[in-house]
2 protein chains.
Amino acid sequence: MATEKFSTYSYLLDRTNRKIKQYAQQKFKEENFDITVDQWLILKNLSIHNDQNQSQLAELTGKDHPTLTRILDLLCKKGLVERKAAPNDRRSFNIHLTEFGIQKQKEWAPKVAEARMKAWENLTEQDYEDLKRILNTIYQSLS
Amino acid sequence: MATEKFSTYSYLLDRTNRKIKQYAQQKFKEENFDITVDQWLILKNLSIHNDQNQSQLAELTGKDHPTLTRILDLLCKKGLVERKAAPNDRRSFNIHLTEFGIQKQKEWAPKVAEARMKAWENLTEQDYEDLKRILNTIYQSLS
DNA sequence: TATTAATAATTAGTATGACAAATATAATGA
DNA sequence: TCATTATATTTGTCATACTAATTATTAATA
């Protein structure tokens with residue numbers, strides 16, 4: 001295969017990734033969700049795996065530690081999330097949703113799911129499986 | 001299809017996209033290319049379509065205008081690119097590679113192509129076609 | 001022609017991401 | 001126990017992305 005064409009997929013991936021985020025963010029704005037797409041990812045994960053420390057949460061969400069620290073700072077400021085000192089390790093915090101955070105996560109989830117679905121309206125179940133497989137294969141090849 | 005699973009693709013896409021950039025950037029560093037992955041995209045496009053104005057270049061590369069302005073500022077500072085006043089429209093510039101820029105673009109291209117290839121080593125030609133089709137379909141569904 | 005609208009580029013503010021370095025604490029081993 | 005090493009988190013810096021606003025210029029039109 002010609003090497004040249006391999007510039008293309010990275011361009012398409014980057015462009016599509018930005019479009020997906022942009023689209024979801026626009027929907028959030030229309031619904032007056034006071035949150036970013038990346039912040040939502042953290043909320044969503046906390047709704048499933050509560051009381052993770054930041055390292056675990058970083059691993060789950062694929063964010064690096066400095067980025068996670070800053071996203072959590074913002075979520076705390078919005079009152080959606082709290083850091084609680086870990087009982088047996090004074091270096092770390094357990095991160096958990098506040099009552100307000102739980103409420104908002106539940107409130108926002110359906111609209112988020114709806115926005116996510118939109119991307120898929122002209123594709124098939126098989127496409128979905130193929131995309132997952134291809135992306136995971138790429139990820140592993142570069143890891 | 002369950003709506004819930006549609007969180008997954010956006011996560012995988014974002015994660016894979018970051019990995020691809022990170023991998024390429026790492027290779028650039030190893031080779032002492034004084035350039036970022038996004039800056040390379042602009043150089044590469046200029047090597048094919050020289051003397052574009054910034055709007056055209058933004059369109060070609062999928063960057064928005066403020067981002068392109070800043071990337072060009074950096075490329076100019078590195079002496080790889082120049083803004084030249086457009087002859088018939090005093091609002092706009094024609095962007096072109098300098099001699100140094102042409103030289104570096106040619107010098108770096110093979111290693112970039114090699115780094116790009118790496119992602120693909122466990123995938124097929126058909127996967128490549130599928131990925132392109134799926135990404136373009138998503139992009140269009142959200143546009 | 002004078003006014004208004006459109007376009008090209010920039011600037012400003014905020015968020016995210018990568019990387020390196022710093023801080024605090026915990027675990028390990030001589 | 002003391003020194004070293006490892007781990008959890010934060011801070012700093014630079015680059016990119018998005019939005020909104022600004023500036024300069026051109027085009028359109030009343």
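Everything numeric here is computed off the predicted structure, so don't read it as measured data.
Minimum atom distance to the side chain of A:Thr67 is reached by C:dA18, of the listed D:dT16, D:dT11, C:dA18. Of the candidate nucleotides C:dC19, D:dT16, C:dT11, C:dC19 has the atom nearest to the side chain of A:Asp64. Counting only heavy atoms from C-beta on, A:Asp89 has its side chain closest to C:dT25 among C:dT25, D:dA17, D:dT16. For A:Arg91, taking side-chain heavy atoms from C-beta onward, the closest of the listed nucleotides D:dA6, D:dT9, C:dT10 is D:dA6. Nearest to the side chain of A:Gln26, among D:dT19, C:dT16, D:dT11, sits D:dT19. The side chain of A:Pro66 lies closest to D:dG12 when the candidates are D:dC18, D:dT9, D:dG12. Looking at the side chain of A:Lys63, the nearest of the listed nucleotides D:dC18, C:dG17, D:dG12 is C:dG17. Nearest to the side-chain atoms of B:Gln39 among the listed nucleotides D:dA15, D:dT10, C:dT16 stands D:dA15. The side chain of A:Phe93 lies closest to D:dT9 when the candidates are D:dC18, C:dA18, D:dT9.
A salt bridge does not link A:Lys77 to A:Asp73: none of the charged side-chain nitrogens sits closer than 4.0 Å to a carboxylate oxygen. Between A:Lys104 and A:Asp34 there is no salt bridge, since no side-chain N of the basic residue sits under 4.0 Å from a carboxylate O of the acidic one.
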Which nucleotides of DNA chain C pair, in dot-bracket form (Watson-Crick or G-U under 3.5 Å, | meaning another strand)
||||||||||||||||||||||||||||||
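By the neighbour-count criterion of 12 heavy atoms within 6.0 Å, atom NZ of B:Lys78 is densely surrounded, having more than that number from other residues, nucleotides or ligands.
In this structure, B:Glu59 atom CD and C:dA9 atom P are separated by 13 Å, rounded to whole Å.
Panel note: side chain A:Thr61, backbone A:Ile42; no donor-acceptor pair is recorded below 3.5 Å. Although no hydrogens or angles enter the test, the distance criterion places a donor-acceptor pair under 3.5 Å between the side chain of B:Asn45 and the main chain of B:Leu41.
Residue-level contact check: A:Lys19 touches neither bases nor backbone, having no heavy atom under 4.0 Å from any strand. Backbone-only engagement by B:Asp38 is indicated by non-hydrogen atom pairs under 4.0 Å involving sugar-phosphate atoms exclusively. Residue contacts for A:Leu74: at a heavy-atom cut-off of 4.0 Å it reaches the sugar-phosphate backbone alone, with no base atom in range. Among the atoms of the strands shown, only primed sugar atoms or phosphate atoms (P, OP1, OP2) are found under 4.0 Å from some heavy atom of A:Arg83.
Side chain B:Arg18 to base D:dA15: no donor-acceptor pair is found below 3.5 Å.
Linking ILVMFWY side-chain heavy atoms closer than 4.5 Å, directly or via other members, places B:Val37 and B:Val112 in a single hydrophobic cluster.
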